[in-house]
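Inspection log for the structure reproduced underneath, given as structure tokens.
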Amino acid sequence: MLDSRFDPAAAEPRLYKRWEQEGCFKPSMDTAAEPYCIVIPPPNVTGVLHMGHALNHTLQDVLVRFERMRGKNVLWQPGTDHAGIATQMVVERELAKDGVKRTDMSREDFTEKVWAWKEQSGGKILDQDRRLGSSMDWSRTRFTMGRNPHLPADTPDPNDDVAMAEAVRNAFVQLYNEGLIYRDKRLVNWDPHFQTAISDLEVENRDVDGHMWHFKYPLEGGETYTYVEKDEDGNVVLEEERDWISIATTRPETMLGDGAVAVHPDDERYAPIVGKMVRLPLANRLIPIIADEYPDPEFGSGAVKITGAHDFNDNMVAKRHDLPMLRLLDERGAMTDIDGSVPEKYVGMDRFEAREAIVADIIALGLMVTDTDEESGEAVPRIEKKKIMQPFGDRSGVVIEPMLTDQWFVNAEELSKEARAAVADGRTDFVPDNWSKTYFNWLDNIEPWCISRQLWWGHRIPAWYGPDGRIIVADNEKEALRQAEMSGPGSWRIAEHEEAVANNFVDKDDFALLARDPDVLDTWFSSALWPFSTLGWPNETDELDMFYPGAVLVTAFDIIFFWVARMMMMGLHFTGQIPFKHVYIHALVLDEKGQKMSKSKGNAMDPLELIDEYGADALRFTMSRMAGMGRNIRLSKQAVEGNRNFGTKLWNAARFCQMNECANWDGELDPRALKQPTNQWIVSECAAAFKEATIALEAYRFDDAAGAAYRFTWNTFCDWYLELIKPLLNGEDETAKGETRQVAGWVLDQTLKLLHPFMPFITEELWEALSEHGPQRQGFLMLQSWPEFDEVHDNPAATEELNWVTELISEIRSARADLGVGAGTKVPMTLVDADKPTRDRLDRHKGAIIARARLETARAEAEAPEGSITTVVGGTSVALRIADLIDAGEAKSRLDKELRALDKELTGLEKKLANPNFVAKAPLEVVEENRQRVVDGKIRVEKLNAARAGLEAL
RNA sequence: GGGCGGUUAGCUCAGCGGUAGAGCACUACGUUGACAUCGUAGGGGUCACUGGUUCGAUCCCAGUACCGCCCACCA
């Protein structure tokens, strides 16, 4: 006998272990079954399971379990991402606890530490996934960095059976040889904290409080001009002789690198001085005033200082006008005189320190534009407070500097063409479809992708430099040397010291040998290869053959650019095929107040805590039911609790079946052989629920699928069916009893299957617990087949009949409650003037109706007994003789209330039907439906009036 | 500045050209042997606003307001 409740804490780990041990999660490599593959978005190896993962993994597991039951050969590919910056940060923090800095150690030593950390503390999330019930094939777990090089050669590495690192090198070399990867000196986003370039996507623009300073740049040679400012109507509002030009800046410290002052060519104010020179204060250089379309005459003074090396806009202007691009900052964001433009006093100052110093010096020189203070009449420097957009590193949180450096780039524009086409022509589609707009929008404006990072943790770029400036890209050192020798004079050796390498900040003349590029690749470069690198690419493996392309990618919208688009690019480029057929974009998980969960806000819910408290099934089912097409999910504990209760309901339904010998069925169920309408009906309803859930899952409507399963289980199976069959089970008719037991057992089994993808643990536990009662319950539930239903299971007549029964019972209950007839009071009920089929129905379901509606008697007569009130169910008048049980006045007022409501409804309907346009243009069935409603309503009015008259007579 | 989305019951959200739905919360009644992690019933909504299309609009179209999110180079 089942316990009175399910114990998730005990059952879940036990069941999971058994599934895993029995190899339930592994696909077959030798089958004709249709393959179905989902690759997991690899979580950061540093990560722990948070709500976002819980949702993401739940949805994938629902799909995977569903398709597995449908007979597909399923691979759910797990793994983790090495997460360059994030992991380096974590390990650096660990080291800092012991007072050790990364820079105190060698690169080799540091990466060894990272590997050691990864082996020990990394990848926790994969263990946590087991708690959730994720049915991934753990034997194929991959890591984007591949094998740990610090393991002894004879030690197997779980990630060693495919060459993840080889895939990355291979991809890089191929793209380089095709000209799609190149080295270039460009303005990139520089993170002064991590001292590395980052991609545009890793920059977060935030609105912050800033200032705008107005400087005077003096014209050279004592030149003057008449500055005239007009208002909108062309009236002169200011006219004065000036020997300076006003520029406005939010970043005063960059002025030292100015290459020009730009004004709009149509700006009449500055027309007289275009082409003249100004003497740049503090730097004491001469720079020209140039005309360019970029400055907006309406903004600031209309004149813009151009700092080509430290601003993306200015950089474009500088390129157009061939202006010098002078670097002012070093890799830490401190002033440096690398290009001879920074006076000694500022060298070494941090950028923010330098800002203050420069502003102070400009004020001291009297080169700040001033305004007159209205109260004191004194001149005050013009410093406006202003909201400005400032770029921050999404990992470091420090202000990003645009920096002119040598980096590696991917020609994303070229690769994006096919990626765009594949979605445009439907080879891959987004679900919901509107995300494809976002995707296109980004691809259409794509910039070169900076893939080099000045970090130590990551895939080292397979490029070597010679002292003559040559670049050799090769799969390995040996190959690099071979290429060097083939192409140039002398013999070559690999440089032993990285310090001699050609990097952005090192003089190239230091080259003595062939030196490897010290940089590593952007983490997303290897992630972009994930759908096929995990399957063994570039080798031609059976796995690749069988499981690529994947069926669907399940992810949140925040990584469409980072990851989805790049997988599309790389997948199409390297395999010629799309990496997945569908991209299902799910919501983000928010807290109850609709805020993004984060540790810093303290509103993060821990999925593991919820699992501890309510069980994994409850959490999974909650996630599934809430996974609509919307953009976010607001999760509350209450919701999880409610779904835990649903599990309990299911558990008790099974318990009831077991207690009533309703779990002991075996063999096949032939719906056509059933005699009892109640049984025919539940089979039909069960089939309908499966169809609804199946269609919904095929369309990634997890909420609809889970909802259909929920409603069937609770509202149909438990609330109605199990209640309706109780009289049957207690009755004398052994044939009916036997049939009912069979059907109840069958429906229970189907329910377990239906719910299994969502609630794998409780369903598996019940399946196992009930296995002693039915020989069909062999093996794991998770390996059973998803039932297919056809017309044989549909039974419209039984459905109609049971709808009548349930409606009748509900109607009577409702009337009783309204009239204050307590549940303990049995009431006589009469079907008034019912036809033969209806009388037969009453006979067939008499026991159930009496029991469920708490009746004294249920019979059919020609007329309503005195003291009855009447209601109508399915065209039949139902009279409840309750006059002596209730307050007649109360009953009358209830009837009156109903009559008023009916009257209102009928008036509306008649008005509608009187409209010739409605009758002419509305679909026939709609008109008919309305007519029928009027007819029914009128009959009902009559009966209610009769009942009222009966009450009057009392 | 561009783009996307939202506004429906107290809360969280479905829905969608033809009588407004669910879950939770609330109210009343109920412990009838599967289940109080429960059952039965009930109250509660000008479907943001303004126009338009339509026989008919919560739904389609246009605009307005407010709220989110993403992208963007206004010094």
Side-chain angles (χ1 to χ4, degrees), chain A residues 2 4-6 200-201 205 212-213 247-251 254 262 294-296 298-307 311-317 386 388-389 402 434-435 437-438 441-442 445 557-558 560-561 588 590 592 594 596 614 618 622 625-626 628-636 638-639 641-660 662 703-704 707 710-711 715 718-719 722-723 726 809-810 813-818 820-824 851-854 905 908-909 912 915-923 925-927 929-930 933:
Chain A
L2 288 168
S4 65
R5 68 187 61 175
F6 176 55
D200 303 348
L201 290 173
N205 289 301
M212 194 150 78
W213 289 269
I247 60 98
T249 180
T250 54
R251 302 205 48 201
T254 64
Y294 162 61
D296 174 1
E298 303 294 315
F299 189 88
S301 67
V304 184
K305 61 191 269 311
I306 301 299
T307 318
D311 183 281
F312 285 98
N313 289 315
D314 294 7
N315 186 256
M316 287 190 289
V317 178
K386 195 174 181 296
I388 53 170
M389 274 296 210
N434 56 322
W435 289 110
K437 279 187 208 158
T438 307
N441 199 359
W442 188 66
N445 297 298
F557 61 80
D558 54 349
I560 291 180
F561 305 143
L588 289 177
L590 306 176
E592 291 160 277
K596 218 167 172 172
Y614 301 109
T622 305
R625 286 186 75 192
M626 293 180 107
M629 293 300 194
R631 291 202 170 201
N632 38 48
I633 289 179
R634 296 194 189 185
L635 189 75
S636 69
Q638 202 178 42
E641 188 180 332
N643 287 309
R644 187 272 320 268
N645 295 353
F646 172 64
T648 306
K649 187 75 184 174
L650 173 70
W651 184 266
N652 278 289
R655 196 154 164 260
F656 171 83
C657 288
Q658 190 186 36
M659 288 166 117
N660 289 280
C662 288
D703 51 341
D704 286 352
Y710 179 94
R711 286 189 300 274
N715 305 121
C718 293
D719 286 351
L722 292 182
E723 295 298 342
K726 279 176 183 173
I809 294 169
S810 295
R813 281 172 180 169
S814 180
R816 294 176 59 114
D818 280 351
V821 180
R852 299 307 301 146
R854 314 284 302 151
E905 192 191 333
L909 286 168
K912 200 171 179 181
N915 179 348
N917 279 324
F918 171 69
V919 180
K921 297 191 181 176
E925 60 270 24
V926 174
V927 177
E929 199 186 310
N930 279 282
R933 226 183 288 153

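Note on naming: letters A, B, ... go to the chains in the order of the sequence lines (proteins, then strands), and numbering restarts at 1 for each one.
Residue M212(A) is out of contact with every strand shown, counting any heavy-atom pair closer than 4.0 Å. No engagement by F646(A) is indicated, since no non-hydrogen atom pair under 4.0 Å with the nucleic acid exists. If you check every strand for non-hydrogen atoms under 4.0 Å, E298(A) touches nothing. Among the atoms of the strands shown, none is found under 4.0 Å from any heavy atom of F312(A).
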Atom pairs under 3.5 Å: protein N/O with N/O of nucleotides 55-57 of chain B:
residue: C55(B); atom: OP1; partner: K921(A); partner atom: NZ; Å: 2.1
residue: C55(B); atom: O2'; partner: N915(A); partner atom: ND2; Å: 2.6

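Rounding to the nearest 0.5 Å places CD1 of I306(A) at 8.0 Å from CG of D311(A). Separation of atoms CZ (R625(A)) and CG (D703(A)) is listed at 10.0 Å; rounding is to 0.5 Å.
With U19(B), C38(B), C74(B) as the choices, the nucleotide that has an atom nearest any side-chain atom of E905(A) turns out to be U19(B). Candidate nucleotides A41(B), C73(B), A75(B) were compared by shortest atom distance to the side chain of D296(A), and A75(B) ranks first. When the nucleotides A72(B), G18(B), A75(B) are ranked by their closest atom to the side chain of N205(A), A72(B) comes out on top.
Shown here are the side chain to side chain contact (heavy atoms under 4.5 Å, CB included) partners of R852(A), two or more places apart in sequence or in another chain: E723(A), L724(A), I809(A), R813(A). Every residue meeting the side chain to side chain contact (heavy atoms under 4.5 Å, CB included) condition with D200(A), not counting sequence neighbours, appears here in chain and number order: N189(A), E447(A). Annotation: ring-ring contact (aromatic ring centres under 6.0 Å, His included) contacts of F6(A) (sequence neighbours excluded): W651(A).
A48(B) and C67(B) have their C1' atoms separated by 11 Å, with the value rounded to a whole Å.
Between K437(A) and the phosphate of C70(B), there is no side-chain N or O to OP1/OP2 separation shorter than 4.0 Å. Contact between the side-chain N/O atoms of S814(A) and the OP1/OP2 oxygens of G42(B) is found at a separation under 4.0 Å.
Where M316(A) and E641(A) each meet RNA chain B at their nearest nucleotide, the meeting point lying more 5' is that of E641(A). When the nearest nucleotides of RNA chain B are assigned to R933(A) and A248(A) by heavy-atom distance, the more 5′-ward of the two goes with R933(A).
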(request) Report, as a single string ordered 5' to 3', how protein heavy atoms within less than 4.0 Å touch nucleotides 24-34 of chain B: B base, S sugar-phosphate only, - not at all. (result) SS------B-B
(message) Dot-bracket, 5' to 3', for RNA chain B please: Watson-Crick or G-U pairs under 3.5 Å, [ ] where pairs cross earlier ones, | where the partner sits on another strand, dots elsewhere.
(response) (((((((..((((....[..)))).(((((.......))))).....(((((..]....))))))))))))....
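You'll find the side chain of W435(A) reaches within 4.5 Å of the side chain of I560(A), heavy atoms only. Under the 4.5 Å side-chain criterion, counting only non-hydrogen atoms from C-beta, Y614(A) is not in contact with T622(A).
For the pair N660(A) (side chain) and C662(A) (backbone), a donor-acceptor distance under 3.5 Å is absent.
Looking at R813(A), its side chain has no donor and acceptor atom pair within 3.5 Å of the base of U40(B).
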